[in-house]
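Step one of this worksheet: look at the structure below.
Chain identifiers are assigned alphabetically (A, B, ...) following the order of the sequence lines, protein sequences preceding nucleic acid strands; residue numbering begins at 1 within each chain.
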2 protein chains.
Amino acid sequence: MPQAERFQADDPTMRFVEAWGRMGSVWGISRTMAEVHALLYITGAPLCTDDVMETLEISRGNASMSLRALVDWGIVGRVHKRGDRKEYFVAEQDVWTVFRSIVRERIKREVDPLLASLYEVRDDLAPAAERGTDPEVKARLEAMIDFLELCAALGERFAGPTGPGLQLAASLLARNHRSKHAD
Amino acid sequence: MPQAERFQADDPTMRFVEAWGRMGSVWGISRTMAEVHALLYITGAPLCTDDVMETLEISRGNASMSLRALVDWGIVGRVHKRGDRKEYFVAEQDVWTVFRSIVRERIKREVDPLLASLYEVRDDLAPAAERGTDPEVKARLEAMIDFLELCAALGERFAGPTGPGLQLAASLLARNHRSKHAD
DNA sequence: CTGGTCTTTCAGAACTTTTTGAAAGCAGAA
DNA sequence: TTCTGCTTTCAAAAAGTTCTGAAAGACCAG
C-alpha cells in the first residue's frame, strides 16, 4: 500500500469519509476531525500526517490538531514504524469501543460539569430558606438532577470501559421486540 | 405571578438557566434555545414571548425563532389564555419525556441520513465487483452500518414514544451494580 | 555542535452560526 | 374596511468556530 494514496472523489472510501464528516456534530467534534477519523477507520492501516493532509486536502496545522484531538478522545492511537522517523496513526477498529470512548468523554466533558453547577444551585437554595423561591422550583431542579445522575450512571454502565455494551444492547432489543424493518 | 418577571442575576432560576444553556451543544441546539427551554422548564408556568425576551434579554426575533424551534422539537407546547390575544408557551415537565423527544429527533435528523448515505456507498460497492477495492473496506463499512442500525433501533426502543424508558433504565442499573458513589 | 526531518503552535483569514431590528404578515374588534 | 396588538420573517451585523501557513520547537544522525 503506497504511502501517498490518491483516491478519486467518488471512491467508496471518500464517500464514506464525507458521510461520516457530516455527522461530526452528533459526536461533538468538528467536520474535519470526523473526516480524519473516518479516513483512518475505513483505511484500517496506519497513516501519517502527510497522508491525511494529502488525502483530505487540508493544511498541516489542521491535520496535526485534528489527529491530536482524536488521540485525546482515545479513539485513535499513535504508532511508530521501525526505521521511520514519522509518526503514524491508527483508528480503533471496534465500533463498539469507539462508541464507548465517545460516550465516556462526552459525559465527562458535558454532563459532569452541568451536574456540578446544578449541585451548587441546589446547595445554595437549601440552607437559606430562600426568601420567596417557589418550592416547586426546587422540585423541578431535583427532578433534573436525578435524571442527569441516572444518565451518567447509565452511561458508565452501558458504555464504560468494563461495561457489557454490545451484549446488553442486543438483549435489550431482543426482549419484546415488535416487528421491525424489512429493508 | 406577575407577567414581566425580574430575576436577580444570581437568582436560582437564572443560575439554572445559565447552566442549562451551556449544555445546548449536547442536545444539539443553540445556547439561547437551551436557555429558553430552561426558563420555561424551571418556571413551570406558561410564559409569553415578551416574558422570555425580557428575562433573557434577547431580541423579539430570536425569542420567536427559539420558541418555534422548541415547539418543533416537541418539548414545548403552545397555550392560549382566555381573553388574552398573546400566545403562551409551556415546557414539558416530565424530564424523561423531554429526553425521549430529543433522542427521537436527533436520530431522525442525524443518524437516519447518515445511514442512508452509507447504504448508497455499500450498494454501489457490491454489484460492480469494484476494481481493486480492499474487501476489508467493505467489512468495515458493514460493521459501521450494523452499529448505527443497532443505535437507531435501540433509540426507538429505549426512548421511543411507547418505550419503557425509565423503568428499563432503572432495571439496567439495578442488575449487577458495583458499589457506586456516596455523595 | 550542525543540518535535516518531522511535529506543534498560533495569529490572522475564511467561513459558519447566531442574533438583531425593522418590516411584513395576520387576525380580531370596531 | 381600518386600527391594533401580536407574531413571523429575513437581510445584514456580530459573534463564534475552524482553517491556514509560516515560524518555532523537538529530536535524531552524523
(message) Can you measure A/Leu67 atom CG to C/dC6 atom P for me and round it to whole angstrom units?
(response) 16 Å
(request) Kindly indicate whether the side chain of A/Leu39, heavy atoms from C-beta on, has any atom under 4.5 Å from the side chain of A/Leu47. (result) yes
(message) Does B/Glu142 have more than 12 heavy atoms from other residues, nucleotides or ligands lying within 6.0 Å of its CD?
(response) yes
(request) Would you tell me if any nitrogen or oxygen in the side chain of B/Thr49 comes within less than 4.0 Å of OP1 or OP2 on D/dT7? (result) yes
(request) Could you list the residues that satisfy side-chain contact (heavy atoms from CB on, under 4.5 Å) with A/Thr97, not counting sequence neighbours? (result) A/Glu92, A/Asp94, A/Arg100
(message) Using side-chain heavy atoms (C-beta onward) and a distance below 4.5 Å, is A/Asp50 in contact with A/Arg60?
(response) yes
(request) Send over the distance from A/Lys86 NZ to D/dA26 C1', rounded to a whole Å. (result) 17 Å
(message) Output the rounded distance in Å from CD (B/Glu57) to C1' (C/dT20).
(response) 15 Å
(request) Would you mind building the protein contact string for nucleotides 23-28 of chain C? One character per nucleotide, 5' to 3', B for base within reach (heavy atoms under 4.0 Å), S for sugar-phosphate only, - for untouched. (result) ----BB
(request) Measure from the side-chain N and O atoms of A/Arg31 to the backbone N and O of A/Gly21, and report whether any donor-acceptor pair falls under 3.5 Å. (result) no
(message) I need the CG-P distance between B/Asp84 and D/dT4, as an integer number of Å.
(response) 19 Å
(request) State whether A/Glu18 and A/Arg15 are salt-bridged, where the test is any N-O pair (Lys NZ or Arg NE/NH1/NH2 against Asp/Glu carboxylate O) under 4.0 Å. (result) no
(request) Please determine if a side-chain N or O atom of A/Arg31 lies less than 4.0 Å away from the OP1 or OP2 oxygen of D/dT17. (result) no
(request) Respond yes when some side-chain nitrogen or oxygen of A/Ser64 is under 4.0 Å from OP1 or OP2 of C/dT8, and no when none is. (result) yes
(message) Rounding to an integer number of Å, can you tell me how far A/Tyr88 OH sits from C/dT7 C1'?
(response) 14 Å
(message) Tell me which residues in residues 32-42 of chain B lie within less than 4.0 Å of DNA chain D, going by non-hydrogen atoms.
(response) none
(message) Quick check with a 6.0 Å cut-off and a 45 degree axis cone: is A/Arg109 positioned over the face of A/Trp73's six-membered ring?
(response) yes
(request) State whether the number of non-hydrogen atoms from other residues, nucleotides or ligands found under 6.0 Å of B/Gln93 atom CD is greater than 12. (result) yes
(request) Indicate whether OP1 or OP2 belonging to D/dT18 is found under 4.0 Å from a side-chain N or O atom of A/Ser66. (result) no
